[in-house]
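Chain A is the first sequence line, chain B the second, and so forth, proteins listed ahead of strands; every chain is numbered from 1.
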Amino acid sequence: MRVLLVAACALLATACATTTTRVSSTFHSHESASGAFIAGTLAPLGSFEYQVAPQYTANAMLRRRAAVNLDRGRITVDVARSILRVTDRTRTALDDAVAADRRGDIVRARVLLGEAKRALAEGQTTLEGGLK
Amino acid sequence: MKVKDARDLAASLIQAADAAEAAGKEDFELLDELRSLDDAARAELEAAIARSAAG
């Protein structure tokens, strides 16, 4: 497992070192005017975990970007509160999607994953639109 | 788990995997680690909101 982690993390670090966001099929990327970030997954290829892991990571990174930008006075507290709400929605949808997948309800899992992705995109748009 | 950026995330995940291995866990629970990461980021955003509202 550690070998896999090291290999994947090396890819992640390499991807982050480039000025252009260039991703392999292993990585899910988001880029914005405020800077690029990449959410990688170390989950087995093709698993449901493989699909949800980057969304969890992107959600955490969105929350952190909002906190940093609020501390720097680049977004208002209202924008930060909106991002907190939408990232909470994303997280709930992701947790519910994983639970649905584990009980074998594949259709429901995919619906919830779609909801999570839409909420995450809304949060990213809110942050980028709220930057001063 | 609190991270600053993607590189720090990578280092944190390796540390978590090492800790799991040292503890004798057979499987590294990636999603548990990512949930922990998200929880920490949420707490950080909540704290920033509280500071901003107070200031």
Where on A/Asp95 is there a heavy atom nearer than 4.5 Å to chain B: the side chain, the backbone, both, or neither?
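For A/Asp95, heavy atoms of backbone and side chain both lie under 4.5 Å from chain B.
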Examine whether an atom of A/Leu84 lies under 4.5 Å from a heavy atom of chain B, and if so say whether it belongs to the side chain, the backbone or both; otherwise answer neither.
both
Can you list the residues that meet the salt bridge (charged side-chain N to carboxylate O under 4.0 Å, His left out) rule with A/Glu115, with sequence neighbours excluded?
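By the salt bridge (charged side-chain N to carboxylate O under 4.0 Å, His left out) rule, A/Glu115 matches no residue at all.
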Going by the side chain to side chain donor-acceptor pair (under 3.5 Å) test, which pairs reach into residues 75-87 of chain A, not counting sequence neighbours?
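As it turns out, the side chain to side chain donor-acceptor pair (under 3.5 Å) pairs with a partner in residues 75-87 of chain A, which skip direct neighbours, are A/Arg63-A/Thr87, A/Ser82-A/Arg85.
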Just by distance, no angles: are the side chains of A/Arg110 and A/Gln51 close enough, under 3.5 Å, to form a donor-acceptor pair?
yes
Looking at A/Arg108 and A/Asp96, does any basic side-chain N land under 4.0 Å from a carboxylate oxygen?
no
Contact leader toward chain A among B/Glu46, B/Arg35, B/Arg51, where contacts are heavy-atom pairs under 4.5 Å
B/Arg35
Between chain B and each of A/Val68, A/Val52, A/Asn59, A/Leu94, count heavy-atom pairs under 4.5 Å; write down the option with the most.
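With the most close heavy-atom pairs to chain B, the winner is A/Asn59.
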